[in-house]
Peer 1: 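Can you read through this structure? Questions will come right after.
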Amino acid sequence: MIDVRGLVKTFGLKSVLRGLEFHVDRGEFVALVGPNGAGKTTFLRILASLARPSMGEVRVAGYRLPAQAAAVRVRLGVVSHQPLLYGDLTAEENLFFYSRMYGLTDLEHRVGAILEMVGLHARRRDLVRQYSRGMQQRLAIGRAILHDPDVLLFDEPHTGLDQEAAAMLDTLLQDVAARGRTVVMTSHNLDRAADLAERIDILSKGVIAASIKRDEIDPLDLPKLYRSVTHA
Amino acid sequence: MPEAGSTRVVGDQPVVHRRTGGLGAYLRSIGAIIWKDLVAELRSRELLSAMLVFALLVVLIFNFALELDIRTRETVTSGVLWVTFAFAGTLGLNRSMAVEKDRGCLDGLLLVPVDRTAIYFGKVIGNLVFMLIVEAIVLPLYSVLYNINLFQPGLLAVILLGSIGYVAVGTLLSSMAVHARTRDVLLPILLFPVVLPVLVPAIKASNGFLQGFEMAEILPWLNLLIVYDVIFMAVAFMVFDYVVEE
């Protein structure tokens, strides 16, 4: 579903991604972990067609980026640490707006169902700026799955959430991932990555330094492996 | 895989996609962006109030600074008006794009599978509506303070054309400047030199109508204004995709 070969991304003289190779099968949930500045967000922005690769080949759902970006965007949902929502619109208005932008039909029904799913139907007419951070992230997930994408990209979605909100978000992430979608999530939290994902890739110094299947490693050994890879 | 015009059921909910291509989808996206900007502004009133207060202050300051006779007032009016519109417009352009950037909404728009020029035209029309609202309030006030009739069809047409050109360039440049930390300072520095080809004919044509020149004298400026509107719009259409991307 996602195939990346020899990806290089430079900003001026600084190389952030240095020949990165990455492959995700359909329906797989992959967590991408790594230290600050490893290039996780840059990589996700390239997969999301928000940034152009300097070199290399990137394919999402069989379409090449950036050449076939429009076809990729139809199949892609993105949740970042920012909610990508308008604070001066209500939750319902935000979803109506994005539904129109995605060219969806039967908006009332679809938006209502999504609001039910993320547990915000009762507060659908509240302005988003009055929402807590956790509620905004749940609505952000609703926005990302409005058009029923095949691929979901989560860029540190737990940032700024308290324990309860993070746990609620985990349940929602597992729910949307369980519907056969391909998910790539970046995270700083190894425990959370191990809980949610089937595979954990460690990004360090612009390349995938290690790739581990969850059932092939004891979660207790993960921090040790992480340290050895990122400090190598 | 959601195809254009397809329906599929995921979980309990059928998701129906309209055909994603074509003029209809393009216009619907533009309409959605205009609707979103107007509703958000109606709630917050951040953009219009800032533009309006600034514009009224500029007009008042000029009124006290230029204690002129009626003849001289007519000659400076077009300059004062366009300085007011240009400065107030910059505030609006900055704010309009900052709203998109601050909560990551610009990324949300860029992730939508529509031609990105639809985002540009949606923002242009939204910004133009805000600018025209400010102008509609400033003009009568200016008429009273300076005792000059500004409600001449020719002058109003020039103001409309000038505003279109100004907003066309301004929206493009504000979408560039919004990525910078110093965007509030950067936009006027980028905008004013580039928008001069719009402002100069707008000022000259406005002055021509106010002073009752022959149409033959005004027409070259008017034509120049129209040509620059078209050129700036066409250039923005071609480069917007690259400007908004990292």
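Because the structure is a prediction, the values reported are computed rather than measured. Computed from heavy atoms alone, side chains included, the values below leave out hydrogens, waters and symmetry copies. Here is how names work: the chains are called A, B, and so on, in the same order as the sequence lines, proteins then strands, and each is numbered from 1.
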Peer 1: Suppose a student defines contact as a heavy atom less than 4.5 Å from any heavy atom of chain A. Which residues in residues 34-41 of chain B would they list?
Peer 2: B/Trp35, B/Lys36, B/Val39, B/Ala40
Peer 1: Measure B/Asp102 against the heavy atoms of chain A and call it side chain, backbone, both or neither at under 4.5 Å.
Peer 2: backbone
Peer 1: For A/Ala70 and B/Pro113, which heavy atoms make the closest approach, and how far apart are they?
Peer 2: O-CB, 3.7 Å
Peer 1: Only heavy atoms, only distances under 4.5 angstrom. Which residues in residues 122-138 of chain A are near chain B?
Peer 2: A/Leu127, A/Val128, A/Gln136
Peer 1: Measure distances from B/Leu106 to the heavy atoms of chain A and classify the residue's part below 4.5 Å as side chain, backbone, both or neither.
Peer 2: neither
Peer 1: Among residues at least two apart in sequence or on other chains, which ones pass side chain to side chain donor-acceptor pair (under 3.5 Å) with A/Ser204?
Peer 2: none
Peer 1: Please determine, among B/Ala32, B/Gly104, B/Cys105, the option with the most heavy-atom pairs under 4.5 Å with chain A.
Peer 2: B/Cys105
Peer 1: Look up atom CG in A/Leu84 and atom CG in B/Asp107, then write down how far apart they are to the nearest 0.5 Å.
Peer 2: 6.0 Å
Peer 1: Using non-hydrogen atoms only, which part of A/Ala48 is less than 4.5 Å away from chain B: side chain, backbone, both, or neither?
Peer 2: both
Peer 1: Is there a donor-acceptor pair under 3.5 Å between the side chain of A/Arg73 and the backbone N or O of B/Leu110?
Peer 2: yes
Peer 1: Taking every heavy-atom pair that is under 4.5 Å apart, which of A/Val72, A/Leu89, A/Val78, A/Leu76 has the most such pairs with chain B?
Peer 2: A/Leu89
Peer 1: If you count heavy-atom pairs under 4.5 Å between each of B/Ile30, B/Leu109, B/Leu42, B/Asp115 and chain A, which one has the most?
Peer 2: B/Leu109
Peer 1: Quick check on the structure: residues of residues 118-140 of chain B within a heavy-atom distance below 4.5 Å of chain A, by number.
Peer 2: none
Peer 1: Among A/Pro66, A/Gly87, A/Ser80, A/Ala140, single out the residue with the greatest number of heavy-atom pairs under 4.5 Å to chain B.
Peer 2: A/Gly87
Peer 1: Kindly give the heavy-atom pair with the smallest separation between B/Val112 and A/Tyr98, and that separation in Å.
Peer 2: CG2-CD2, 4.3 Å
Peer 1: Using side-chain heavy atoms (C-beta onward) and a distance below 4.5 Å, is B/Val114 in contact with A/Tyr102?
Peer 2: no
